[in-house]
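What follows is a set of notes on a single structure, which appears directly below.
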Amino acid sequence: MADFRPKSEFLAALIERGYLHQCSDLEGLDAKARAGELIAYIGFDCTAPSLHVGSLLPIMMLSWLQKTGGKPVPLMGGGTTRVGDPSGKDEARKILSIEAIEENKDGIKRVFSKFLKFGDGKTDAVMPDNAEWLTKLNYIDFLRDVGRHFSVNRMMSMDSVKLRLERDQELSFIEFNYMCLQAYDFVELNKRYGCIAQMGGSDQWGNIVTGIDLGRRMGTPQLYALTSPLLTTASGQKMGKTHSGAVWLEADMCSPWDYWQFWRNAEDADVARFLKLFTFLPMDEIARLAALGGAEINEAKKVLANEATALVHGREAAEQAAETARKTFEEGVAADTLPTVEISAAEMDAGVGVLTAFVQAGLVASTGEARRQIKGGGLRVNDAPVADERGVLRAADLRDGAIKLSLGKKKHVLLKSK
RNA sequence: GGGGGAAUGUCCCGAGCGGCAAAGGGGGCGGACUGUAAAUCCGCUGGCUAAGCCUUCGUAGGUUCGAGUCCUACUUCCCCCA
């Protein structure tokens with residue numbers, strides 16, 4: 001792979017930007033992509049009401065596919081989610097109701113509409129749901145037509161299975177079958193949409209290859225596998241988690257401001273990689289930003305935050321977040337666009353206890369935590385450290401109509417009365 | 001079917017002679033240093049306007065002045081024999 005020279009725009013982009021981990025046949029896939037015949041899919045679970053940053057990498061791959069003349073097929077796992085992918089170790093996953101799955105699907109669709117153009121055109125994305133075919137399967141028919149093509153011997157030798165057996169860990173029958181369903185999806189998508197490639201995280205390699213294998217036995221054209229590296233931050237943390245949980249790609253689950261901050265706070269060592277993976281900036285521009293050293297790298301981080309936020313929330317929201325950040329951190333002014341919590345004028349007149357105020361602002365989970373943060377010097381009102389936990393906020397504390405509550409150096413909320 | 005073991009602070013792992021708001025770690029949050037970074041060091045990590053009170057150790061009972069700890073039943077998971 002090291003000496004492979006892609007001729008297609010698609011693979012060139014994927015390789016130079018670091019999306020590529022493994023591919024079953026680079027030459028073959030390259031030819032298909034160059035001929036404009038590449039239709040590829042990635043499966044998404046419907047276990048959550050929206051997608052978060054962890055899913056951004058596969059989304060970007062689909063987007064690149066579309067940009068370079070291919071047809072992206074995000075597949076909703078509406079069927080497989082009803083069973084629940086148990087690969088996530090011991091945790092017995094709760095079975096989601098069909099309604100919940102449908103709701104989740106809607107949320108996920110909204111995310112995709114920001115990244116892909118859907119429609120009937122040649123490179124327009126389509127979004128099928130494997131419930132369409134999986135729920136209609138008849139067990140006997142499935143065994144006869146599909147099941148006989150699976151070699152248990154082969155599956156036993158796959159890493160995902162082998163490791164479990166070696167470690168004497170439980171491997172349930174359903175889990176063993178999950179990859180069969182996924183393999184079947186691949187074949188079905190080939191029949192329905194002419195899909196010839198499946199992409200996914202590196203942990204999906206085995207499942208994808210199983211699908212290729214099944215396709216060969218069931219008479220599909222040659223299928224391809226392409227995986228991306230598993231993403232962690234430079235210091236080895238899982239990507240996309242913050243104090244308040246997952247970083248969602250939907251404004252009402254993670255505000256543009258928080259989203260911008262998430263990228264702004266990236267580690268130095270991640271900036272270049274993230275610019276390549278999570279923005280569409282040209283490579284020479286990224287090279288210029290990546291060359292910045294020391295404190296200058298903060299400029300690169302701002303660009304990263306701007307671009308990444310613009311993709312999900314739009315350019316305007318990104319610029320507003322950037323401006324809010326500039327005022328807050330560079331000028332030290334309380335930007336009016338900071339997250340705001342309102343309380344009634346009556347409450348304000350009566351006076352609000354500091355502890356309660358911070359709880360209401362959502363900066364701390366309980367008054368107990370507020371007390372602890374005060375002891376540790378973590379709470380500030382209008383930039384002045386809170387010393388007395390019995391303190392009371394009154395209308396007199398308003399500055400330009402708001403009281404600025406801060407937790408640490410980065411989290412600020414404006415308290416307003418109405 | 002028979003035998004043995006395990007469930008702990010609702011983020012995770014994990015110690016726990018009958019006096020326990022419960023060791024230790026990871027993670028997280030805050031502070032210091034910096035650049036809204038990393039690394040490092042320090043503090044915090046059940047609830048309640050709190051010298052006190054309240055709720056926590058799989059579930060339900062019981063023994064005890066007092067139960068995470070002992071007893072009984074139940075639930076779930078794991079292991080061994082068949």
Side-chain angles (χ1 to χ4, degrees), chain A residues 86 88-95 164 167-172 232-247 257-275 289-290 292-306 308-309 321-335 338-339 347 350-381 383-393 405-413:
Chain A
K89 286 182 191 166
D90 35 46
E91 198 84 0
R93 215 164 275 182
K94 55 180 179 244
I95 306 291
R164 298 285 283 279
R167 281 194 232 137
D168 245 16
Q169 282 176 333
E170 172 86 358
L171 179 69
S172 72
T232 54
T233 66
S235 45
Q237 297 301 310
K238 252 182 245 155
M239 179 80 192
K241 287 181 73 183
T242 60
H243 61 285
S244 43
V247 179
W257 160 252
D258 285 327
Y259 194 76
W260 195 93
Q261 282 297 316
F262 169 75
W263 293 105
R264 173 65 243 270
N265 285 303
E267 297 175 27
D268 287 9
D270 284 328
V271 174
R273 198 159 53 107
F274 286 180
L275 281 168
L289 291 167
L292 297 173
E296 284 192 323
I297 201 170
N298 283 325
E299 291 310 311
K301 290 185 187 181
K302 287 178 202 167
V303 175
L304 172 65
N306 285 342
T309 305
E323 178 58 12
T324 303
R326 197 187 60 76
K327 281 188 184 154
T328 306
F329 294 105
E330 292 175 27
E331 283 182 28
V333 188
L338 280 171
E347 277 181 280
V352 188
V354 256
L355 300 176
T356 316
F358 275 92
V359 172
Q360 285 189 0
L363 288 169
V364 293
S366 63
T367 59
E369 189 187 338
R371 280 170 215 276
R372 278 180 238 124
Q373 291 292 3
I374 288 172
K375 276 191 201 121
L379 298 189
R380 277 168 295 136
V381 172
D383 297 315
V386 178
D388 180 12
E389 59 185 45
R390 292 171 176 278
V392 175
L393 304 181
L405 305 179
S406 311
L407 167 66
K409 285 178 291 194
K410 297 182 189 175
K411 285 165 238 133
H412 310 280
V413 170

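These numbers were taken from a predicted model, which means no experiment stands behind them. Chain letters run A, B, ... following the sequence lines, proteins first, then strands; residues in each count from 1.
- As judged by a 4.0 angstrom heavy-atom cut-off over every strand, S366(A) is placed among residues touching the sugar-phosphate backbone only.
- Nucleotide C20(B) is shown with a syn base, its glycosidic torsion being within 90° of 0.
- Looking at V386(A) and F358(A), their side chains come closer than 4.5 Å, going by heavy atoms from C-beta outward.
- Put simply, the side chain of T309(A) does not reach to within 4.5 Å of the side chain of W257(A), judged on heavy atoms.
- With contacts defined as side-chain heavy-atom distances shorter than 4.5 Å, the pair T328(A)/L338(A) qualifies.
- Residue A266(A) is the one, among A266(A) and L355(A), whose nearest nucleotide of RNA chain B lies closer to the 5' end (criterion: closest heavy atom).
- Nucleotide A67(B) is matched to nothing when pairs are restricted to Watson-Crick or G-U wobble geometry with both distances under 3.5 angstrom.
- Pairing partner, A15(B): none, since no Watson-Crick or wobble contact has both distances short of 3.5 Å.
- One N or O donor and one acceptor, one from the side chain of Q261(A) and one from the base of U36(B), sit under 3.5 Å apart.
- Classification of K302(A) and E299(A) as a salt-bridged pair holds, one side-chain N sitting under 4.0 Å from a carboxylate O.
- Nucleic acid contact class of G368(A) (heavy atoms, under 4.0 Å, all strands): base.
- Comparing the same atom, C1', in C11(B) and in G62(B) gives a spacing of 34 Å after rounding to whole Å.
- Annotation: of the two residues near RNA chain B, V359(A) and G408(A), the 5′-most nearest-nucleotide partner is G408(A).
- Nucleic acid contact for L407(A): sugar-phosphate only, since backbone atoms but no base atoms lie under 4.0 Å from a heavy atom of the residue.
- When Watson-Crick and G-U wobble pairs are counted only if both distances are under 3.5 Å, C74(B) pairs with G58(B).
- Across all strands shown, G43(B) forms a Watson-Crick or G-U wobble pair, both distances under 3.5 Å, with C29(B).
- Side-chain atoms of Q373(A) lie closest to C29(B) of the nucleotides U36(B), C29(B), G47(B).
- The side chain of A325(A) lies closest to U36(B) when the candidates are U49(B), G46(B), U36(B).
- Note on R390(A): a base of the nucleic acid sits closer than 4.0 angstrom, heavy atoms only.
- Residues N306(A) and W263(A) bring no donor and acceptor atom of their side chains to less than 3.5 Å of each other.
- Among the heavy atoms of the strands lying under 4.0 Å from K301(A) is at least one base atom, whether or not backbone atoms are also near.
- In this structure, A51(B) makes no Watson-Crick or G-U wobble pair, since no nucleotide meets both defining distances under 3.5 angstrom.
- Applying the Watson-Crick and G-U wobble criteria (two distances, each under 3.5 Å), U36(B) pairs with nothing in any strand.
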